[in-house]
Amino acid sequence: MNRIRTTCVYCAAGCQLDLIVDNGKVVGVTPVDDDPVSRGEPCPKGLSVHEFIYHQDRLKKPLVKRDGEFREVRWDEALDLICTRFKQIKENFGGNSIGVLGSGKCSNEDNFLLSKFTRAVLGTNNIDNCARLCHSPTTAGLVASFGAGSMTNSINEVEKSDVIMLFGSNTTEQHPAIAMRIEKAVKGGAKLIVIDPRRVPISGLSILHFRIKPGTDVALINSFMNVILKEGLHDTEFIENRTDGFEQLAKAVSKYTPEYVETIAGVPAAQIRAGARAYAKAERASMAYAMGITQHTSGTNNVISLANLALLTGNVGKEATGVYPLRGQSNVQGAGDMGALPNVYTGAQNIGDEMVREKFERRWKTNLSPDVGMNTFKMFQAALDKRLKSMFIMGENPMLSVPDIANVKKALQSLDFLVVQDIFLSETAKEAHVVLPACSFAEKDGTFTGMERKVHRIRKAIEPLYDSKPDWAIISEIAKRMGYMMDYNSPEEIVHEVAELTPNYGGISYARLDGSGLQWPCPNPDHPGTKYLYKDSFPRGRAKFNAIEFIPPDEPVDETYPLLLITGRNRYHSNTGTMTRRSKTLYNQSPESYIEVNPVDAAKLTLSEGEMVKVYSRRGDLITRVLVTDTIQEGTCFMPFHFPEAAVNLITNPALDPIANIPAFKGSAVMIEKTH
Ligand code: SF4
């Protein structure tokens, strides 16, 4: 038996795991005791990460749809068809008539080549990735405040924080490795403050739990700052030496008194004062957040407000302080780092910067477009308008993950040509004209970049199953057949190219990743990597306070739709469940869809535990099972988005944050009715 070290594919904590390989087959997984993140205790998802690899639903051969039916074809036939159609569409309508989606489930090497293919071969910047749906406000918000958008500190530093503020995160279930660090900090005397409308398990450890009304975060954070300023608890030296915009911020938050915000957010003024004092008086305070902050029409403003609070108290640029966006999919940080975004190349290098663009043009030996491309939502709208003719989707499943699925389906069906590359026939792949079978993480070499900017290896444990190929190899083959040479003998060569083109990744190579990974910025081969950012300066020089006003959520409840629906993940599944629903252990723990309803609302609607109900919104309806629980506030309800048989995104609110274009997954007005 061999043990092959790899990285968990289910969340961006980046836990290391050993795949156990016997006679060319993965037969199990074991923890890695000296892994600094999991410390030998990965969560149930990590411990069953191998279970989907051999699932009978794996795509075995390329599929081409004829007369509405898929039939298996040879690789040559599928690739020739793709090249012919992409060339025709590009010639007839231009490169901007094609859109591409990268994936946080695929490696850095896969996403880098997809970005290069989009720009150098298709001739467009129309590329985006699943971060649009989870942390696009993090990038937009933290760039506006600090000049760069990523986790400022490292996971293990949380243990040394005196106060931890946790916003909109069911950490115990979604990021168990981070929850373990927080629990250890609390055992050591740290104070935990939780801000979440739901009674999440970790709130049991907190000194204060703010069960705010969904979508009122800006008002609450402004109120914290109001108290801090009124009581002189702000860090004047840090503000003077390292920030701009303080006067405007102070003016803007002056009206957000705790008494006023109590009427908006529904939490007592005394608690607001207590929370603000605890955070501001701490020697070292950190704040972490997840999609309870980002998935609102005010997502970017929420993130900016958090950055304002950290800057006001000088809790940035020091160990055990900082801002921790808890990223979702295993390589969602990497997908963005590799340039699977419409406005930047690798390492957030702006496509509009002429010197940067020329550098990429020289290396890639072609002219590149300076025009910002379309993001996911602009692509779907363009497909509906018949301006976008074709899409290439790698490893993503917008037919379950994007709001108002009926509209997404219409958009995909409006395309002349859709190619999907995946390991299973996802709900999105079913809409494709051509489906290409990709390898799983166990069948290829590569790297993932986790939420703490740490680059880790994934390693090939077994040969590709059936007729599948690594994503990067498929992309190179399509490029070559379209007349553009992408000659890589291994994914390691792709990382060399990334290092050459990307200052933050300049010192990263496979040889250096054999230990416990490297955190960027890592600009040269001798650099040890960077634990925490902004010690001496910010990427924009001085950090900026941005005054933010509270704007009420987009879709308030009313008489017809009296409950506010929040969506998210549960403990046993990851995103659209393409992998976790095919893991026996995880499926058995959570086999079907449900809606959590508060006992008071259940009584009003005469709903009983376990009964099937119809859930309506302005977009559509679905049928699911009721789970009565007081973890959810009266007037709100919760549904996970993992289950196609009751796809919650049939009914979610498609309103977008105006800056980052993230949908308002945390705020859809709905009605629940008995089915009989
Ligand atoms: Fe995998 Fe995240 Fe669990 Fe670690 S915490 S084992 S990375 S799902």
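This one's a predicted model, so the numbers in the text were calculated from it and none came from an experiment. In listed order, ligands and their atoms are each counted from 1.
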Q) Taking 4.0 angstrom as the limit, do Glu51 and Lys584 come out as a salt bridge? A)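 No.
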[X] neighbourhood, listing ligand 1 atoms whose heavy-atom distance to it stays under 4.0 Å:
{"X": "Gly46", "result": "6 (S)"}
{"X": "Cys8", "result": "1 (Fe), 6 (S), 7 (S), 8 (S)"}
{"X": "Cys15", "result": "4 (Fe), 5 (S), 6 (S), 7 (S)"}
{"X": "Tyr10", "result": "8 (S)"}
{"X": "Pro176", "result": "5 (S)"}
{"X": "Ala177", "result": "5 (S)"}

Q. Any N/O/S atom of Cys43 sitting less than 2.8 Å from atom 2 (Fe) of ligand 1, backbone or side chain?
A.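 No N, O or S atom of Cys43 is closer than 2.8 Å to atom 2 (Fe) of ligand 1, so no.
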Q: Go through the steps to decide whether Thr6 and Gln16 satisfy the test side-chain hydrogen bond (donor to acceptor under 3.5 Å, both in side chains), and finish with yes or no.
A: CA-CA 6 Å; Thr6 195; Gln16 298 295 284; over 6 Å; no
Q | Residue among Thr7, Asp337, Thr449, Asn331 satisfying side chain to side chain contact (heavy atoms under 4.5 Å, CB included) with Val455 | A | Thr449
Q: Among Asp657, Leu142, Val323, Thr139, find the one that has a side chain to side chain contact (heavy atoms under 4.5 Å, CB included) with Val303.
A: Leu142
Q: Among all protein heavy atoms, pick out the one at the shortest distance from atom 2 (Fe) of ligand 1; state its residue, atom name and that distance to 0.1 Å.
A: Cys11 SG, 2.3 Å
Q.
For the CD atom on Glu41, are there more than 12 heavy atoms of other groups (residues, nucleotides or ligands in this structure) within a distance under 6.0 Å?
A.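 It does not: Glu41 CD has 12 such atoms or fewer within range.
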(Q) Run Arg5 and His456 through side chain to side chain contact (heavy atoms under 4.5 Å, CB included) and show every step you take. (A) CA-CA 10 Å; Arg5 182 70 41 95; His456 280 300; over 6 Å; no
